[in-house]
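Residue numbers start at 1 and run along the sequence shown.
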Amino acid sequence: MSQKLTGAMWNELFRRSRRDGLSLQGQICAMMVDAIHGGVLPPGEPVPSSRELAEQLQVGRITVVLAYQQLSEEAFLVSLQRKGHFVNPDFRRGLVPSASPRTEAAPQSKTDWSRRLCLQPNAYRSIVKPPDWQSYPYPFLYGQFDKDLFPTAAWRECCMKALSVLDIREWAPDQITRDDESLIQQIQTKILPRRGVWASSDELIITVGAQHALYMVADLLMREGTHVAVEDPGYPDARNIFNSRTSQIIALPVDEHGLPLSESLRSMDYVYTTPSHQCPTGVTMPRERREALLEQAQQHDFVIIEDDFESENSFEGDPIPALKSLDRSDRVIYIGSLSKSLAPGLRVGYIVAAPELIEHLRALRRLMLRHPSTFIQRTLALFISLGHNDAQLRRLAQAQKERHHLLWAALAKHLPECTPVPVSGGGSLWVRIPDGVRAGELARQAAERGVLIEPGDVFFVAQTPPANYIRLGYQSIPSHAIEQGIAILADVLHGMRSRTQ
């Protein structure tokens with residue numbers, strides 16, 4: 001046993017280094033690496049024999065033996081015949097020594113970053129969700145990960161296939177401005193045709209999610225004085241991105257069919273819209289209005305930025321074709337996501353636009369991050385090609401349809417004074433709560449009882465927006481928890497109303 005570490009200390013190190021999903025062997029390796037990097041085990045220090053450590057941690061001896069072999073192969077430990085294992089004496093060679101506190105130096109003034117900032121993005125109003133939202137029993141949040149719907153086995157299979165020798169040789173090199181050709185092909189043949197869109201490879205670029213796509217489009221096409229129309233209420237991050245480039249943001253109040261046709265469109269340079277399921281109301285723009293919007297774009301020379309999130313999730317009938325599918329004059333920049341139906345953390349999106357624009361977007365992306373992870377691209381291409389994506393979309397649509405009906409029924413039963421907007425698909429409901437109840441305070445009090453909701457004020461352009469709207473997402477909450485969560489929300493709301501009467 002090490003002279004510096006007692007048995008209790010080894011057990012504490014093992015507890016602190018525990019990683020979910022790692023084997024016991026992996027956890028022992030992680031413990032040792034943490035201890036060596038942290039200086040708990042200095043260079044040259046002996047470590048316990050495999051038998052001693054196995055007894056101390058209550059694991060099989062062969063597990064410790066294999067861990068020591070791995071650590072030796074990776075030069076964290078060295079094995080000396082008949083003496084045991086020691087921390088590699090050369091481990092810290094080439095490392096910069098830890099800096100000592102500067103106690104004797106005279107105090108100096110801090111750099112004033114506020115006067116150097118060209119933007120202050122932390123001042124923008126944005127959607128805020130608790131980082132520990134998964135610990136809440138009733139998370140009515142939109143667009144979050146649902147472990148019960150994630151196709152773990154299929155995704156793991158595709159990750160393993162992408163790690164074959166031949167695949168690694170294709171995705172491991174720096175692609176510079178190129179994308180994984182197999183993913184481009186899968187988008188062309190299996191993703192876009194579902195939306196009625198046909199694109200050549202020079203009309204497609206992969207992005208790190210739809211958000212990255214919006215940022216690049218704004219960076220390339222907008223400057224101060226550019227006139228951009230946005231939906232009101234609408235997607236706040238898109239509004240913030242555009243607002244970081246130009247102050248000429250024109251808010252168009254949406255109606256029961258989404259973005260309205262307005263005289264204001266005549267003077268626009270760009271029009272941003274979410275026609276499939278308007279964010280946040282969830283309503284769908286009918287085909288007639290889509291065709292009329294395209295006609296106005298041609299007539300008044302503006303470009304439409306179509307954010308087609310949740311495009312395929314329809315409860316009844318077939319989805320309406322994308323605006324891009326009706327575009328005959330390259331008036332539409334089409335933005336899609338490939339990760340919303342799987343897991344937001346994958347961050348994979350794409351843009352379909354005119355070849356000339358895509359060429360410039362590739363050059364711009366190279367300056368930003370060169371290209372998104374080609375390992376993720378190759379894995380996703382395999383996932384689509386093997387039919388897993390189609391199965392996932394069907395599974396997700398069925399689950400969301402069920403949860404939508406349960407949520408609608410729960411609102412009718414427990415909160416009849418609230419008015420949800422009818423939708424034909426998607427993953428959330430936009431709900432008007434009674435006047436006099438402030439959504440922000442309702443959200444705060446509901447969270448104290450385990451219910452997470454999204455106040456609707458952030459979706460409005462005005463600095464003093466309506467306070468009586470909330471968004472209830474149902475993609476990340478289990479079906480069995482929906483009614484109970486709404487019953488608790490109703491209790492909180494009724495309590496707030498009774499105290500103000």
Side-chain angles (χ1 to χ4, degrees), residues 19 21-22 26 143 145-147 149-195 197-217 308-312 334-353 355 358-359 361-396:
R19 310 282 197 275
L22 277 184
F145 169 72
D146 184 347
K147 67 181 187 308
L149 292 179
F150 186 74
T152 304
W155 184 254
R156 183 184 292 119
E157 172 198 358
C158 294
C159 286
M160 295 304 296
K161 289 181 180 294
L163 290 172
S164 71
V165 174
L166 290 178
D167 281 291
I168 290 175
R169 290 179 61 183
E170 292 190 24
W171 63 254
D174 183 357
Q175 305 296 330
I176 306 178
T177 62
R178 294 183 294 114
D179 292 308
D180 186 90
E181 293 179 4
S182 60
L183 180 57
I184 292 290
Q185 183 182 37
Q186 292 303 315
I187 294 173
Q188 288 177 285
T189 59
K190 295 188 177 70
I191 302 297
L192 291 178
R194 299 172 71 111
R195 304 295 299 126
V197 177
W198 303 93
S200 57
S201 58
D202 61 352
E203 295 176 300
L204 264 169
I205 183 173
I206 306 300
T207 63
V208 187
Q211 192 88 357
H212 177 220
L214 289 169
Y215 195 95
M216 286 206 302
V217 167
D308 204 28
F309 79 108
E310 286 196 327
S311 58
E312 297 174 329
Y334 181 87
I335 294 173
S337 171
L338 291 172
S339 48
K340 282 193 182 298
S341 59
L342 280 171
L346 291 176
R347 310 306 310 152
V348 184
Y350 58 92
I351 303 173
V352 180
I358 294 297
E359 183 179 355
L361 286 169
R362 286 194 181 281
L364 176 63
R365 190 186 67 179
R366 174 179 181 169
L367 298 178
M368 299 175 73
L369 48 82
R370 297 179 82 81
H371 57 77
S373 164
T374 42
F375 171 69
I376 295 294
Q377 290 188 52
R378 176 55 57 94
T379 303
L380 193 50
L382 289 165
F383 187 84
I384 297 170
S385 69
L386 294 173
H388 297 313
N389 189 61
D390 291 333
Q392 174 66 7
L393 289 173
R394 290 192 295 269
R395 187 183 307 113
L396 179 64

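For the atom pair NE2 of H212 and OG of S337, the computed distance is 13.5 Å after rounding to the nearest 0.5 Å. With rounding to the nearest 0.5 Å, the separation of OG in S341 from CG in L346 is 9.0 Å. Rounded to the nearest 0.5 Å, atoms CZ (F383) and CG (L183) are 12.5 Å apart. Interatomic distance, CG of L393 versus CZ of R194, reported as 5.0 Å (0.5 Å rounding). To the nearest 0.5 angstrom, L166 atom CG is 12.5 Å from L163 atom CG. Between the CG atom in L204 and the CD1 atom in I187 there is a gap of 5.5 Å [rounded to 0.5 Å].
Looking only at atom types and distance, the side chain of S182 has a donor-acceptor partner in the side chain of R378 under 3.5 Å away. No side-chain donor from either of H371 and Q377 sits under 3.5 Å from a side-chain acceptor of the other.
Residues Q392 and P151 are in side-chain contact: their nearest non-hydrogen atoms beyond the backbone lie under 4.5 Å apart. Counting only heavy atoms from C-beta outward, the side chains of L380 and W155 approach each other to under 4.5 Å. In this structure, the side chains of P173 and Q175 come closer than 4.5 Å at one or more pairs of heavy atoms.
The shortest heavy-atom contact between W198 and E203 is O-OE1, 4.3 Å. Scanning both residues, A162 and F375, for their nearest heavy atoms gives CB-CE1, 3.7 Å. The two residues F150 and L342 come nearest to each other via the heavy atoms CD1-O, 3.5 Å. Shortest non-hydrogen contact noted between T374 and D180 is O-OD1, 4.5 Å. Nearest heavy atom pair, residue S201 against residue R362, reads O-NH2, 4.4 Å. The shortest non-hydrogen separation linking P372 to T207 is CG-C, 3.9 Å.
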Subject >> Worked check of side chain to side chain contact (heavy atoms under 4.5 Å, CB included) between Q186 and N389 >> reply: CA-CA 11 Å; Q186 292 303 315; N389 189 61; over 6 Å; no
**OP:** Please assess D179 against R365 for the test side chain to side chain contact (heavy atoms under 4.5 Å, CB included), listing each intermediate value before the final yes or no.
**Re:** CA-CA 11 Å; D179 292 308; R365 190 186 67 179; 2.7 Å; yes
**OP:** Go through the steps to decide whether D202 and I358 satisfy the test side chain to side chain contact (heavy atoms under 4.5 Å, CB included), and finish with yes or no.
**Re:** CA-CA 7 Å; D202 61 352; I358 294 297; 6.0 Å; no
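With respect to R395 and D146, no salt bridge is recorded, no charged nitrogen being found less than 4.0 Å from a carboxylate O.
Exactly one residue among I335, L361, V208 makes a side-chain contact (heavy atoms from CB on, under 4.5 Å) with M216. That residue is L361.
Between the side chain of R370 and the backbone N or O of L367 there is no donor-acceptor pair closer than 3.5 Å.
Other residues, nucleotides and ligands contribute only 12 or fewer heavy atoms inside 6.0 Å of the CE atom of M160.
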